[in-house]
Amino acid sequence: MVRPVPAVVIVGAQWGDEGKGKATDLLGSRVDYVVKFNGGNNAGHTVVIDGETYALHLLPSGILSPGCVPVIGNGVVVDLSVLFEEIDGLEKRGIDTSRLLLSANAHIIADYNRTLDKVGERFLGSRKIGTTGRGIGPTYADKMNRLGIRVQDLFDEKILTQKVEGALELKNQMLTKVYNRRAVSVDEIVDELVGYVDRVRPMVADTALLLHEALGRGKTVLLEAGQATLLDVDHGTYPFVTSSSATSGGACTGSGIAPTEITRVIGIVKAYATRVGEGPFPTELFDEDGERLRTNGGEFGTTTGRPRRCGWYDAPIARYAARINGVTDFVLTKLDVLTGWERIPVCVAYDVDGERVDEMPMTQTGFHHATPVYEYLDGWTEDISGARELGDLPATAQTYVKTLEEMSGARISAVGVGPGREQTVQVHDLL
Ligand code: IMP
């Protein structure tokens, strides 16, 4: 039987910060559950509702839609201090957060992993990844090493203590002998974590079961990726990636929802490109165009405040994201930022060591050597922030959207023309 209202995945098609928060929020009023399935508080969603700006790092953006249940899935790594800071901040602004559910299988970012993230980066020197320093990588490493602390461990202090002891055995050696830091005591970690038990307990659930049952009842589930395709640990620009699965495949492992339940994958792609942290970025601009994109687009990290690296739209990357994720619909964001350019370059292929390459190069070395082959599209000068239908856009902006669609491997179903929820050109229905 084909489900009338299936599970829908939202993924970033570039290096993150494409505006997934706004897209999720756009659908939030029409879905019953919004699930975050990977990453942690390294993410940053900015959502603007009625002129109010909300910056979310850990909470799924569905938290802002009153009819929707926000879920933190098993694939997420959770910093409990940040979780409650964010909850308290929203509650103070009158947002009800009591619907939030947290998977018992999600892993906890312990204080020592925050420390290890920061000192590890310093230790790498010029080989650093440029992480957000939130402890994400070390916590996922613990998960894979089977040394992680899970949410459910909070409810059994004896087990929790044993697990923290196990995790600290090697880490204290590293902290003291390699990184020249002080050792961490088991008690200080356990005490901190146990301090959260009463607040955590009411939100903890078997979220995989609950979501399965919800789908069975015909509810709509939106799975919201943190980070993006090119930051995925398998499919991104490794090693300059995050440590989780940020593509649509990760939506299944990170939530417990089966692949056969997912019928729609929405890729969020910016009308130009940005990246934070280190790693290859063929269309990156080092001139005043880059500076103008950064200023016009407000391209500064939501989580770390770092200026984002900016460049032109890269169609091979969008095609790659379409393929890896099985994108059915793109949402093209921030088109308004391009207003005012006479000609807009779009990368259509790469030159890799003198050879034209039309797709993402197979090797990291190839991608590092890739220089963009550009086509130039006509720009526009009109203010497009009031456009709500494709026909409202100047002809050259319509051509820009259509050309990107032809190059990028899936239809463009919505176009963002400003930060507000309503500042969207709707082309096809997203649900
Ligand atoms: P980590 O996720 O903190 O380990 O950082 C690894 C890489 O992913 C770094 O280049 C970060 O800048 C990048 N990154 C992590 N989260 C985000 C995000 O939400 N948007 C954009 N880049 C991110």
Side-chain angles (χ1 to χ4, degrees), residues 12-23 25-26 43-49 51-55 228 230 267-277 281-315 317-318 330-347 372 374-388 390 392-405 407-408 412 414-425:
Q14 296 152 320
W15 282 281
D17 310 309
E18 296 92 351
K20 291 186 295 288
K22 178 179 157 180
D25 178 61
L26 264 181
H45 288 327
T46 309
V47 183
V48 182
I49 302 173
E52 285 273 312
T53 303
Y54 299 90
L230 275 290
I268 314 300
V269 69
K270 224 182 276 198
Y272 50 99
T274 63
R275 164 162 215 172
V276 276
F281 179 5
T283 65
E284 182 170 14
L285 293 165
F286 301 94
D287 57 7
E288 64 217 35
D289 280 335
E291 201 48 56
R292 198 163 137 202
L293 284 174
R294 189 173 306 115
T295 311
N296 291 5
E299 297 296 353
F300 297 88
T302 319
T303 297
T304 60
R306 289 184 286 182
R308 295 179 184 141
R309 301 159 62 191
C310 297
W312 301 121
Y313 190 84
D314 186 327
I317 278 180
F330 274 121
V331 173
L332 183 72
T333 59
K334 296 185 123 176
L335 185 66
D336 54 303
V337 173
L338 294 178
T339 299
W341 265 279
E342 205 173 309
R343 280 183 342 147
I344 308 170
V346 172
C347 169
Y374 284 122
E375 256 178 38
Y376 295 85
L377 303 183
D378 288 335
W380 58 93
T381 50
E382 298 89 330
D383 176 2
I384 59 168
S385 60
R388 297 296 174 264
L390 264 187
D392 298 338
L393 292 174
T396 47
Q398 289 185 43
T399 306
Y400 187 79
V401 173
K402 279 285 149 214
T403 310
L404 262 44
E405 180 172 80
M407 291 175 176
S408 305
I412 292 177
V415 182
V417 290
R421 190 187 255 181
E422 67 296 341
Q423 290 180 298
T424 306
V425 170

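Since the structure is predicted, the reported quantities are computational estimates derived from the model, not experimental observations. Computation of the quantities below employed the complete heavy-atom set of this structure, encompassing side-chain atoms and omitting hydrogens, waters and symmetry-equivalent molecules.
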> For W341 and D289, does a side-chain donor sit closer than 3.5 Å to a side-chain acceptor?
Replying inline: yes
> Between T283 (side chain) and G311 (backbone), is there a donor-acceptor pair under 3.5 Å?
Replying inline: no
> Under 3.5 Å, is there a donor-acceptor pair between the side chain of E284 and the main chain of P282?
Replying inline: no
>> Treating R388 as the side-chain partner and E422 as the backbone partner, does any N or O pair qualify as donor plus acceptor under 3.5 Å?
In response: yes
>> Go through it in stages, so that I can follow the logic: the residues are L393 and L335, the test is side chain to side chain contact (heavy atoms under 4.5 Å, CB included), and I'd like the CA-CA distance, side-chain angles, deciding distance and then a yes or no.
In response: CA-CA 10 Å; L393 292 174; L335 185 66; 4.1 Å; yes
>> Could you report the tightest heavy-atom contact between I344 and G379, atom names first, then the distance?
In response: CD1-CA, 4.0 Å
>> Please report the interatomic distance CG(L404) to CG(L332), rounded to the nearest 0.5 Å.
In response: 6.0 Å
>> Between R309 (side chain only) and A273 (backbone N and O only), is there a donor and an acceptor less than 3.5 Å apart?
In response: no
> Do the side chain of Y400 and the main chain of A271 share a donor and acceptor less than 3.5 angstrom apart?
Replying inline: yes
> Mind checking whether F281 and W15 have parallel, tilted or perpendicular rings, split at 30° and 60°?
Replying inline: tilted
> Going from CD1 on I384 to CG on L338, what distance comes out if it is rounded to the nearest 0.5 angstrom?
Replying inline: 8.0 Å
> Between the side chain of Q14 and the main-chain N/O of K270, is any donor-acceptor distance below 3.5 Å?
Replying inline: yes
> Any donor-acceptor pair under 3.5 Å linking the side chain of K22 with the backbone of G420?
Replying inline: yes
